[in-house]
*Asks:* 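Take a look at the following structure, please.
In what follows, chains carry the letters A, B, and so on, assigned in the order in which the sequence lines appear, proteins first and then strands, with residues in each chain numbered from 1.
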Amino acid sequence: MDEKMKSTFKKDKLIKAFFASNALTSIIILGLITIFLFKEGIEFFGQYRHELERYRGSGMEYAKVVSTQHNEQTTLYRYLENILSKEVEHFESLPSNGPNREKGEQGRQDLLALTRSFQDSKELLLTYEKDVVKWAAETKLFLITQNDLIEVKSEAIEQKLPAEDFPETIGELKERNSFTHRELARWRNYFIRHEREDLAKRINPKAGDEMGTTEKGKINDLTDRIRKSATVEYAETLIAQEKQFSEIFSGFKPNFLLPESEKSLAQAQEALKEYLSKVPTYKERLTQWDPLTPYPLHRALTGFLLGKDWVTNSARQDWFGVLPLLSGSLLVSLIALALAIPFGVGSAIYINQIATTREQSIIKPCIEFISAIPSVLIGFFGIAVLGGMVSFITDERLNSLTAGFLLALMTVPTIFTLAEDSLNNVPRVLRDASLSLGATRWQTCAKVIFPSAITGIISAVLLGFGRVIGETMVVLLCAGNRIAIPDFTSGFGVFAQPVHTMTGIIAQEMGEVEFGSIHYRALFMVGITLFLISLLVNFLSQTIANRYKNSY
Amino acid sequence: MQSVNDQKAPEREGATEPEPKNATISIRNLDFLYGENQVLHDVSLDIFPNEVMAFIGPSGCGKSTLLRCFNRMNDLVEGAKIGKGSIEIHGTDLQDQSVDVIELRKKVGMVFQKSNPFPKSIYQNVAYGLQIQGLKSKKIIDEKVEESLRKAALWEEVKDRLNENAYGLSGGQQQRLCIARTLAVEPEIILMDEPCSALDPVATGRVEELIFGLKAEYTIVVVTHNMQQAGRVSDRTAFFYLGKLIECDLTKKIFLNPSKKETEDYISGKFG
Ligand SMILES: Nc1ncnc2c1ncn2[C@@H]1O[C@H](COP(=O)(O)OP(=O)(O)O)[C@@H](O)[C@H]1O
Ligand SMILES: [Mg+2]
């Protein structure tokens, strides 16, 4: 008897330990995932700051200002081009020997000349911009090479690589600051032989001789070239342009066929005036550019969170701003929810309040089955069928609307099931009380049952949102994958724009990035953003659900 | 509670069997079934204006079922139906096609076993029945809310916190709020299904007092399995057993001198 009791006790303990360890394991894994995500992601900021410092130090930042200015001039040019094309179009529609023909011919020639001369002037700045970009690219290459060289050198010293093999003794290596082309090539071979591809990859023998230096001072020569050009070439360009602009317009006698061209020209001149008023700011920004001003770390953070560009593998500069992806994800999710809420909640009300037991037994499993369809199949359907239907309303087959529709389909079961649960949890006695007071079924539903279930329904919707924003396959296949912040000013047109999403970009780019690179870390940061959003949504829905539990 | 009994005693002395033709509710040979399961057998009973009728009997004998027939709440139960017989209120057969259930329920109010206020404010609970009828005037609603709460002897306790959630009230207050909610619709008949079963003795006393006071204006049918309670509040008592009406008589007679053996056994606590 005693023995038996002991053994049941032991068994009890074992079962308990089994379940406890299961629970514990999942908590530990969750913790590990969190730690891993943050560990991989957090270094992004240091790297991004470094990258931004290089952006500044190489002169790419300077070049960017020049190209912004040049873009403004291009906008001005577009004004003139527009007037010209309208005039020409009208001219060509005139009868070939009409009275206006000759007048039109003259006007057209003048306008063409005006546009051409403006373009020529604009070209001056473009030429300068190209020079600056070239210099900046050189400087950037130098900075990268130098940085790699310093790192490789210190690693080589630290690792105590076998001296008899190594072309330099450690002591010598420490003293040396500049390396020849040939030395770098030898190093690289050495690293390859010792299976240190990671180091070998960072040595660029082509950069040897004049670039193969670790001396910080050398960089000044390169940046000075850019800095000095602000007061010489750039200043000269501006003066020449300004003079030409005023000459072009003062020498021009408008001779238009279309009355509205008059107005457009006035507008163009107004825009020119506005541009000219901004020129001193550009000038100031360029003359004050200092390649050595450090970038504060928080600028790397804001650069990520508020950055409007996600540009990778660019020749000039990579940008890792999460905004286009975040806004794409949110847009798609909002479309999905806007569709899924009425459907999910509506069918929950139907099932709960109206449907017969038989209808319930058919509809419920059907809706719940939707969530069992693999998302890649839903993506197929989106590309093959829905895309075609969407393209009737919008220009593109794959856009936020297509993805939104599909995600709505996928999240209806979540919202439906949870909303139905919460409707079911409204005590029957409340329904009875309402009916016994002479309320109709609809009044009871709208005034008693629905309000009592509303917190549960809200938390159902939040969980649906969590599901939508984390969904990957469907958005990757059907959202159109254009990395740009949707143009919210275009009214309903915003729904027709292709977008890219946080989940989509991770799935798309993670396979190709170099392990440990800034791009890799940036993708982790996107993942962390997603993680935090999911966490927040989950937390909110749980708080709301708890409040709801306590209200009866 | 003592005072209740004192007040009541003389009146009951003089009470006589009323004439069936004046009945508010008259039940004739009623059979009732849940699917195949017959739970009421050939019940015939008259309930008269301004009386308090108590239904007593062991649990499961069909008291609630009969009560729910009076406002057709059994319609909500799938498979529930009247086998034969009829229920008339003021001569109208409740099963008749022409009966508007919504109107019927306004006329026949119901208070449930466990207090079930809506998760709304105290004010909203009482105003609910009026608002669903389409009453808009805040002034009239305000007046009716106050009047109903006064009738339910709750006004003094809640007048300063009408906008607080009803779940903040005690159990007894909640039940009186449910009574006020029913009264606001101005019913003629009030059905109460074990209204005090979840209340402590003090709260029970107050509700009983209230029921007794409401008699002047309403016809009340109250289900109870607390026999003292039946004795305190009712004029007549009907005893049910296994779905049959065993006997119905003046409460005093049922308790002091029942004519059926089963009633006597039940009263004296031999079963149930
Ligand atoms: N909704 C229902 N569906 C099926 N059977 C029911 C239902 N409600 C009550 N019954 C049955 O009817 C009988 C009478 O129940 P009820 O009227 O609640 O008795 P009482 O109120 O006297 O305790 C019981 O046997 C019970 O099992
Ligand atoms: Mg009952």
*Asks:* Using non-hydrogen atoms only, which part of B:Pro187 is less than 4.5 Å away from chain A: side chain, backbone, both, or neither?
*Replies:* neither
*Asks:* Ignoring hydrogens and angles, state whether a donor on the side chain of B:Thr224 or B:Glu194 is under 3.5 Å from an acceptor on the partner side chain.
*Replies:* no
*Asks:* Measuring heavy-atom distances to chain A, does B:Phe118 have an atom under 4.5 Å in its side chain, in its backbone, in both, or in neither?
*Replies:* both
*Asks:* Please determine if B:Glu147 and B:Lys151 form a salt bridge, counting it only when a charged side-chain N lies under 4.0 Å from a carboxylate O.
*Replies:* yes
*Asks:* Between B:Arg176 and B:Glu209, does a salt bridge (Lys or Arg N to Asp or Glu O under 4.0 Å) hold up when you go through it step by step?
*Replies:* CA-CA 11 Å; B:Arg176 276 179 285 145; B:Glu209 232 174 290; over 6 Å; no
*Asks:* What part of B:Arg181 gets closer than 4.5 Å to chain A, counting heavy atoms only: side chain, backbone, both or neither?
*Replies:* both
*Asks:* Please determine whether the number of non-hydrogen atoms from other residues, nucleotides or ligands lying under 6.0 Å from atom CZ of A:Phe531 exceeds 12.
*Replies:* yes
*Asks:* For B:Ser64 and B:Asp193, test the side chains for any donor-to-acceptor distance below 3.5 angstrom and give the result as yes or no.
*Replies:* yes
*Asks:* For each of B:Lys106, B:Gln113, B:Arg72, B:Met73, tally heavy-atom pairs with chain A at distances under 4.5 Å, and name the one with the top tally.
*Replies:* B:Met73
*Asks:* Checking B:Lys120 against chain A: side chain, backbone, both or neither under 4.5 Å from a heavy atom?
*Replies:* side chain
*Asks:* If I measure from the heavy atoms of chain A, does B:Glu78 come under 4.5 Å with its side chain, its backbone, both, or neither?
*Replies:* side chain
*Asks:* Evaluate the side-chain proximity of A:Asp432 to B:Arg68: yes if any heavy-atom separation is below 4.5 Å, no if none is.
*Replies:* yes
*Asks:* Need one label for A:Ser434: side chain, backbone, both or neither, based on atoms under 4.5 Å from any heavy atom in chain B.
*Replies:* both
*Asks:* Counting only heavy atoms closer than 4.5 Å, note whether B:Val108 contacts chain A via side chain, backbone, both or neither.
*Replies:* backbone
